[in-house]
Amino acid sequence: MAALPIEQLAVQTARGLQPLYVIHGEEDLLRVEALDSLRAAARVQGYANRESHSPEKQEDWQALLASAGSIGLFADLKLLEIHIPNGKPGKAGGEALQALAENLPPDTVVLVLLPKLDGTQLKSKWFSALAQAGLTVEARAVGTAALPQWIAARLKQHDLSIEAEALALFAERVEGNLLAAKQEIDKLALLYPPGYCVQTADAEQAVANVARFDVFQLAGAWMSGDAARTLRLLDGLEAEGEEPVLLLWAVAEDVRTLIRLAAALKQGQSVQSVRNTLRLWGDKQTLAPQALRRLTVARLMAALQECARIDRIIKGAENGEAWPAFRSLVGGLAV
């Protein structure tokens with residue numbers, strides 16, 4: 001079966017439940033909400049019994065298959081949940097999942113809950129068997145560009161609207177922390193009546209500053225030339241106690257990638273042709289060429305030399321403070 005957008009899950013389940021659902025993805029909140037939605041739909045549609053398994057050993061998988069095979073002997077409809085927190089069922093689990101997908105038990109809705117899966121896991125025999133037999137629902141992370149729209153849509157579910165400036169402030173304060181965003185939306189729904197338009201002053205007072213930053217967001221910010229966001233991310237990383245060692249390594253690697261990409265483009269190669277070699281995956285396929293339109297190779301070479309200097313500071317081989325130097329480096333790359 002085809003993959004189902006997570007936003008359409010509630011609508012699909014209201015029309016009738018499928019025998020198998022596979023929920024996976026990196027966004028914890030959306031996975032939990034999808035699970036709750038399926039549980040609620042199962043209760044409404046008469047699946048009164050719920051059985052949950054978190055198999056680890058071979059005997060756990062054997063017990064699961066035995067339980068699934070015996071469900072048809074009972075009159076009650078059942079929701080059978082299989083939780084695999086690490087996404088790695090192992091050889092015995094993979095074989096069990098394949099067997100289950102090929103012979104789904106009657107009067108049962110099977111739900112397999114997984115975390116974010118890598119390319120190898122998505123191409124595995126067990127996942128392919130599950131995807132072919134049931135509906136897959138991916139809980140993708142809500143990126144920076146999509147976050148304001150997501151917030152506005154969630155507020156609309158509470159019959160609230162929000163002015164543009166307030167929405168920008170809201171998104172900035174909860175960036176990278178979708179669970180916190182939901183909690184703040186629920187707070188606003190308690191504070192204000194239906195039909196209310198949230199103003200900037202309301203957002204300033206009610207929405208906590210709970211943004212969560214990481215090195216990947218930082219790369220996207222400076223490569224896209226968003227200096228204000230870059231500095232905000234640096235403030236957040238420093239406040240969270242991040243050491244500049246890993247951050248410096250990541251920035252140096254990205255700078256080297258841009259230098260190699262510039263050389264490849266000069267030789268007439270395309271971004272697509274060097275994508276795998278330079279590991280230009282995800283947003284970096286568009287961000288890297290965008291960065292090269294601002295940053296000359298000379299500037300990138302100078303940045304690489306500065307990375308080496310900061311590395312010496314970190315190691316105590318040169319005087320100076322690492323964080324101010326790193327902040328200056330990355331802030332300069334964003335301009």
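Just so it is clear, the values below take in all heavy atoms, side chains as well, and ignore hydrogens, waters and symmetry mates. As the structure is a prediction and not an experimental result, all values here were calculated from the model.
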Query raised in the report: Can you list every salt bridge (charged side-chain N to carboxylate O under 4.0 Å, His left out) pair that touches residues 151-160, not counting sequence neighbours?
Result: Glu33-Arg154
Report summary line: So salt bridge (charged side-chain N to carboxylate O under 4.0 Å, His left out) across residues 187-200, not counting sequence neighbours, yields Glu184-Lys187
Report task. Please report the C-alpha distance between Ser224 and Gln290 in whole Å, then the side-chain angles of each, then the deciding distance to 0.1 Å, and finally whether the side-chain hydrogen bond (donor to acceptor under 3.5 Å, both in side chains) criterion is met. Result -> CA-CA 6 Å; Ser224 64; Gln290 183 178 339; 5.1 Å; no
Among all residues two or more places apart in sequence or in another chain, which pass the salt bridge (charged side-chain N to carboxylate O under 4.0 Å, His left out) test with [X]?
X	value
Arg299	none
Arg275	none
Arg294	none
Arg140	Glu138

Report summary line: Cluster membership besides Leu169, Ile/Leu/Val/Met/Phe/Trp/Tyr side chains within less than 4.5 angstrom, sorted by chain and number, is none
Query raised in the report: Looking at residues at least two apart in the chain, or sitting in another chain, which of them share a side-chain contact (heavy atoms from CB on, under 4.5 Å) with Ala264?
Result: Gln269, Val274
Checking [X] side chain against [Y] main chain: does a donor-acceptor pair fall under 3.5 Å?
X	Y	value
Ser128	Trp126	no
Arg31	Ile23	no
Ser124	Gln121	yes
Arg229	Glu172	no
Asp60	Lys57	yes
Thr257	Glu253	yes
Gln199	Cys197	yes
Glu175	Thr144	no
Thr230	Asp226	yes

Query raised in the report: Taking the six-membered ring for Trp, are Tyr192 and Tyr196 parallel (under 30°), tilted (30 to 60°) or perpendicular (over 60°)?
Result: parallel
Can you confirm whether more than 12 heavy atoms, excluding those of [X], are under 6.0 Å from its [atom1] atom?
X	atom1	result
Gln45	CD	yes
Asn319	CG	no
Gln58	CD	no
Glu204	CD	yes
Gln205	CD	no
Glu165	CD	no

Report task. With Leu77 as reference, evaluate Asp107, Val109, Leu17, Asn49 under the side chain to side chain contact (heavy atoms under 4.5 Å, CB included) test and give the passing residue. Result -> Asp107
For residues [X] and [Y]: do they belong to one hydrophobic cluster (side chain heavy atoms under 4.5 Å, members Ile, Leu, Val, Met, Phe, Trp, Tyr)?
X	Y	answer
Met223	Met301	yes
Leu329	Val335	no
Val207	Leu191	yes
Val44	Leu38	no
Ile313	Phe326	no

Query raised in the report: Atom CG of Leu97 and atom CD of Glu102: how far apart are they, to the nearest 0.5 Å?
Result: 11.0 Å
With [X] via side chain to side chain donor-acceptor pair (under 3.5 Å) - residues at least two apart:
X	answer
Gln98	none
Lys315	Asp311
Asp254	Lys284
Glu95	Lys91

